[in-house]
4 protein chains.
Amino acid sequence: MESSRRREKKQRILDAAVIEIARRGYHATTVAMIARRAGVADGTIYLYFQHKEEILSSLFERAMGRFIAAGRERLQTVTGAKERLRAIVELHLGLVGGDRDLAIITQVELRHSLHFLEALSRAQVGEYLAVIADIVEEGRREGVFRAGVDPVFAAKAIFGVLDEMATDWVLSRRNTRLESRADEVAGFLLAGLVG
Amino acid sequence: MESSRRREKKQRILDAAVIEIARRGYHATTVAMIARRAGVADGTIYLYFQHKEEILSSLFERAMGRFIAAGRERLQTVTGAKERLRAIVELHLGLVGGDRDLAIITQVELRHSLHFLEALSRAQVGEYLAVIADIVEEGRREGVFRAGVDPVFAAKAIFGVLDEMATDWVLSRRNTRLESRADEVAGFLLAGLVG
Amino acid sequence: MESSRRREKKQRILDAAVIEIARRGYHATTVAMIARRAGVADGTIYLYFQHKEEILSSLFERAMGRFIAAGRERLQTVTGAKERLRAIVELHLGLVGGDRDLAIITQVELRHSLHFLEALSRAQVGEYLAVIADIVEEGRREGVFRAGVDPVFAAKAIFGVLDEMATDWVLSRRNTRLESRADEVAGFLLAGLVG
Amino acid sequence: MESSRRREKKQRILDAAVIEIARRGYHATTVAMIARRAGVADGTIYLYFQHKEEILSSLFERAMGRFIAAGRERLQTVTGAKERLRAIVELHLGLVGGDRDLAIITQVELRHSLHFLEALSRAQVGEYLAVIADIVEEGRREGVFRAGVDPVFAAKAIFGVLDEMATDWVLSRRNTRLESRADEVAGFLLAGLVG
DNA sequence: TATGAATGAGAATTCATTCAT
DNA sequence: CATGAATGAATTCTCATTCAT
């Protein structure tokens, strides 16, 4: 009960952080700004997060958690490596494209330092890449994908393409929907994977 | 004559900046640290750069300049879209992989803020993408690449793969040579492009 | 309650500023010096003042506030233009002469820049001049002062004499009391005003 | 010959300084700005002045020199205390009002610090006050001015009025000519002095 | 738990002054 | 005499973090 209230307030702080950081960048955003938007006192932030940086990593973890949960759910209903890859592409672009503020954070702010990026990478992007690699592996076993493709390598390549599309969409302030490029992306990737 | 001395000292400062920033990140690096490593006084930095941030953008411009020059030179000696793409891949991975400190900067530090990333993107990455798009276009005309591939899209996808490989290499402190993955990367990309 | 504590601390900072600035001048006084004397941390200053310059203008406002309050009070108990002018002269010299540190600030430091001086002038000296002009006007109506005297001009002239006496007293480190010149000053001014 | 060229360049620097300092204030004006406007190198300034502050005091000395020279000349042709006082008033307002840039400096910038103001005061304002005091003394001897007036005091009062008029004119950006107030000022002062 | 006033370390930047050329 | 590149001390202001209430 307590715990739920606590979780709620933590979410409120994170929501505030997304908006502020997306708007002005991580370094230009002060803890006080986040506190004000969240409607709490400056000091309260430190009852929920140890450092300012922990807000950023929590943001990442929350995003990745949703990402992975959505992925799991979606993949359960889809079979066949090609369809599964297509599903991942749609999901990735759909999720990133669904919240521009969050996208700014995942595509730009989270990459602000080597140390930070390494930590993120090891922790959770690895898991995400593994999911993709599994699909590629599955495709090879099914004989749908070329045998010469290394799943681990392919996962990175796929992630690279998705990530670049996402970043490109964030930087170009165009009003297109990112998700609308899913077919094109999936087509390109499948062409490279299919024998 | 004067000017050459000036250019020389500017280079010295940039060289110092690469090392310091790669080591501790842009924000944790003080102007004083760069000055010390360059062997000049703090104030001297400001005779060559207007702001600390201008050091970072100069770093990027210098890197891109070398990149593009090397690319132009290389492409002049290579014909055929497939070979040209292969050459670009080798070049990209070779250049990024040739200087880990610089790679840290191009793959991580230069992306530290939306504003900054936008500026970079518009200015010079666009030019680079155009070079790649031209190769794809050429391949389509030659009938080597599939007609269904949009050159602009393909250029981003190719860049995405290269960029992800580079970032992955930077983050994994492995001692492999990045360039050694060129064949694999080129193979994957060509598979996606060739009919 | 809170507010009173806040006001108190603000006063403490201003008191410290008077001493430091009088001693070494505005430009040679650092915010750190004021903070130390006030017994607060450097950063605390900025919870009460936006800029260093705002300390100076607050000093002026505080001084003028007291000046005007004292003036109002005094003038209520005095009637007749001649007596009122005499009262103003006594008050002006008495207040300036009562605190040498503050006098240094009002007579010297507050005039350190055109921009600043303009702001002060427009804001509050104007009000003070108006009070004097009213007395002159009153004297004319009473037939005590010459009809040919322009009240606005006379107010400036009176202020000029008072101000010069004050500055002279500040600069000459003599131990005379400034107030002791009040009779002489009032006599001179009245001679010029009375028919 | 050398010496005349030297003097000329010194004047050029001072002329530049008047403009720059009047425009932006003493503290906001850098030595480099003055050098640029004077058309010399930064270092050259230091061949003519020991410190930046010496430029300011030289400015004052030059202004006072002209002031006193003009005063001497004028007073030689005028007789009678009343007429001499009138002449001084005209001269003072005429000279200050004749060059707004210089006026900004004499009325504002030169007063920026106690230390500086003291030095000026002792050195040359004293001499100027003495000239005025002499006139008052003369008037007393002639029986034109009241016997009760202390010449030294009167000189300060007169200077105070003139100074306030000058400052007022500088601060009000009105386009009136300062000199046009000479009659009014002289009338007021004489009323106070004449028996 | 929550507050928000206070802290004080920290850093970018400026600019008077020097001095080798 | 003149130059102007180089110096480096010096200072304002910010802001993550703490802690008494």
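Reckoned from all heavy atoms, side chains included, excluding hydrogens, waters and symmetry mates. Sequence lines set the chain letters: A, B, ... in the order given, protein chains first and strands last, and positions in each chain run from 1.
- With values rounded to the nearest 0.5 angstrom, A:L59 atom CG is found 7.0 Å from A:L110 atom CG.
- Residues D:V125 and D:F60 form a side-chain contact, since some pair of their non-hydrogen atoms from C-beta on lies under 4.5 Å apart.
- The side chain of A:H51 contributes an N or O atom lying less than 4.0 Å from OP1 or OP2 of F:dT17.
- Atom CZ in A:R36 sits about 11 Å away from atom P in E:dG4, given to the nearest Å.
- For the pair B:F49 CZ and F:dA5 P, the computed distance is 15 Å after rounding to whole Å.
- As rounded to whole Å, 15 Å separates atom P of E:dT14 from atom NZ of B:K52.
- In this structure, B:I13 atom CD1 and F:dA5 atom P are separated by 13 Å, rounded to whole Å.
- As rounded to whole Å, 9 Å separates atom P of E:dA16 from atom CD1 of D:I55.
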With a 3.5 Å cut-off and sequence neighbours excluded, list the donor-acceptor pairs that the side chains of residues 12-23 of chain A form with protein atoms.
unit_1	atom_1	unit_2	atom_2	d
A:R12	NH1	A:A38	O	2.8
A:D15	OD1	A:R62	NH1	3.0
A:D15	OD1	A:R62	NH2	3.0
A:E20	OE1	A:R24	NH1	2.9
A:E20	OE2	A:R37	NE	2.5
A:E20	OE2	A:R37	NH2	3.1

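- Residues from residues 17-34 of chain B with heavy atoms under 4.0 angstrom of DNA chain F: there are none.
- Inter-residue side-chain proximity for C:I105 and C:D101 is flagged as unmet; no heavy-atom pair is nearer than 4.5 Å.
- One atom, NZ of D:K10, and another, C1' of F:dA2, lie 17 Å apart when rounded to the nearest Å.
- In terms of the ring pair (Phe, Tyr, Trp, His ring centres under 6.0 Å) criterion, residue partners of B:H27 (sequence neighbours excluded) are, by chain and number, A:H27, B:H112.
- Judged as a side-chain hydrogen bond (donor to acceptor under 3.5 Å, both in side chains), and not counting sequence neighbours, A:E61 has no contacts.
- The side-chain tip of B:K52 does not point at the ring of B:Y46 from less than 6.0 angstrom away and within 45° of straight on.
- Partners of D:A41 by side-chain contact (heavy atoms from CB on, under 4.5 Å), not counting sequence neighbours, listed by chain and number: D:T44.
- Residues passing the ring pair (Phe, Tyr, Trp, His ring centres under 6.0 Å) test with B:F67 are B:H92, B:Y128, sequence neighbours excluded.
- Rounded to an integer number of Å, the gap from C:E53 CD to F:dC13 C1' is 15 Å.
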#### Entry: Intermediate values then yes/no, side chain to side chain contact (heavy atoms under 4.5 Å, CB included), A:I55 and A:I45
CA-CA 9 Å; A:I55 299 176; A:I45 299 278; 3.9 Å; yes

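- D:E53 is linked by a side-chain hydrogen bond (donor to acceptor under 3.5 Å, both in side chains) to D:Y26, counting only residues two or more places apart in sequence or in another chain.
- Secondary structure note: stems in DNA chain E built from 3 or more consecutive Watson-Crick or G-U wobble pairs under 3.5 Å occupy E:2-21 with F:2-21.
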Which atoms of nucleotides 6-8 of chain E (N or O only) lie under 3.5 Å from a protein N or O atom, and what are those distances?
unit_1	atom_1	unit_2	atom_2	d
E:dA6	OP1	C:K9	NZ	2.6
E:dA6	OP1	C:Y48	OH	3.4
E:dA6	OP2	C:Y48	OH	2.5
E:dT7	OP2	C:A41	N	3.0
E:dT7	OP2	C:T44	OG1	2.3
E:dG8	N7	C:G43	N	3.3

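- A straight line from CD of C:E54 to P of F:dC13 spans 10 Å, rounded to a whole angstrom.
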